[in-house]
Amino acid sequence: MSETLTPIPHKCIGVAVIWNDRGQILIDRRKAHGLHGGLWEFPGGKIEPGETVEACIQREIREELGIEIAVQAHLITVEHTYSHFRVSLMVHHCRHLAGEPQPLECDEVRWVNLDQLEQFTFPQANVKIIEALKG
Ligand SMILES: Nc1nc2c([nH]c(=O)n2[C@H]2C[C@H](O)[C@@H](COP(=O)(O)OP(=O)(O)OP(=O)(O)O)O2)c(=O)[nH]1
Ligand SMILES: [Mg+2]
């Protein structure tokens with residue numbers, strides 16, 4: 001008898017907490033089908049080989065929302081294991097500079113106040129991000 005130990009995939013994700021000048025944060029709802037379908041998240045995506053976290057966040061936000069941001073201070077890095085993969089979420093504060101957010105790769109986008117976040121369902125790893133934001 002032998003067992004094959006296959007390590008689960010690891011994704012490194014740049015994540016943006018984008019603030020506007022009214023003190024609101026931008027969240028998006030993932031497409032209904034697929035991984036974490038229908039859940040809300042902070043926009044972002046996979047860091048490409050050789051890419052800095054800051055460059056990744058800026059690129060992903062252009063691709064997903066069509067807006068320009070300034071990537072600012074690191075907020076938290078969250079390590080989380082889901083059933084079939086694990087993620088490192090590298091979260092930065094960002095400032096909205098220009099453009100109306102468009103749901104180019106998601107179902108919906110919304111500006112929300114910090115105290116409204118609990119009204120939305122996020123993936124499990126986001127509990128720590130939201131704690132850090134409120135702390
Ligand atoms: N962008 C973002 N991703 C999050 C958050 N919370 C959380 O668990 N994740 C996870 C969900 C996904 O597995 C991963 C984000 O990857 P992604 O959106 O670039 O790509 P994906 O894995 O959905 O799809 P694929 O490109 O692998 O096909 O990180 C969050 O707040 N924002
Ligand atoms: Mg994404």
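In each ligand, atom 1 is the first atom listed, and ligand 1 is the first ligand listed.
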Heavy-atom closest contact (A32 atom, D107 atom, distance): N-OD2, 3.4 Å
Side-chain heavy atoms of C94 within contact of I57, under 4.5 Å: yes
Give me the residue, atom name and distance of the protein heavy atom closest to [atom].
| atom | value |
| --- | --- |
| atom 20 (O) of ligand 1 | K46 NZ, 3.3 Å |
| atom 32 (N) of ligand 1 | F42 O, 2.6 Å |
| atom 5 (C) of ligand 1 | N126 OD1, 3.5 Å |
| atom 22 (O) of ligand 1 | K11 NZ, 2.5 Å |

Pairwise distance CD1(I129) to OG1(T77) - rounded to 0.5 angstrom: 9.5 Å
Under 4.0 Å from a heavy atom of [X]: give me the atoms of ligand 1 that qualify, with their elements.
| X | answer |
| --- | --- |
| L35 | 13 (O), 22 (O) |
| L89 | 4 (C), 6 (N), 7 (C), 9 (N), 29 (O) |
| G44 | 1 (N) |
| G45 | 19 (O) |
| Y82 | 7 (C), 8 (O) |

Would you indicate which of [options] comes nearest to [atom] when only heavy atoms are counted?
| atom | options | value |
| --- | --- | --- |
| atom 18 (O) of ligand 1 | H84, H36, R30 | R30 |
| atom 15 (C) of ligand 1 | D28, I57, V78, I13 | I13 |
| atom 2 (C) of ligand 1 | E105, Q124, E41, R86 | E41 |

Among R62, Q58, H96, R95, the one residue meeting side chain to side chain donor-acceptor pair (under 3.5 Å) with E68: R62
The criterion is salt bridge (Lys or Arg N to Asp or Glu O under 4.0 Å); which residues satisfy it with [X], sequence neighbours excluded?
| X | value |
| --- | --- |
| E41 | R30 |
| E79 | none |
| R86 | none |

Any donor-acceptor N/O pair, H92 side chain to Q72 backbone, under 3.5 Å: yes
Y82 side-chain N/O to P123 backbone N/O, donor-acceptor pair under 3.5 Å: no
Neighbouring protein N, O or S atoms of the Mg ion (ligand 2), below 2.8 Å: 2
Atom NZ of K31: over 12 foreign heavy atoms under 6.0 Å: yes
Salt-bridge criterion met for E60 and K46 (N-O under 4.0 Å): no
Intermediate values then yes/no, side chain to side chain contact (heavy atoms under 4.5 Å, CB included), L114 and L133: CA-CA 8 Å; L114 198 46; L133 273 173; 3.9 Å; yes
4.0 Å heavy-atom contact, F85 with ligand 1: yes
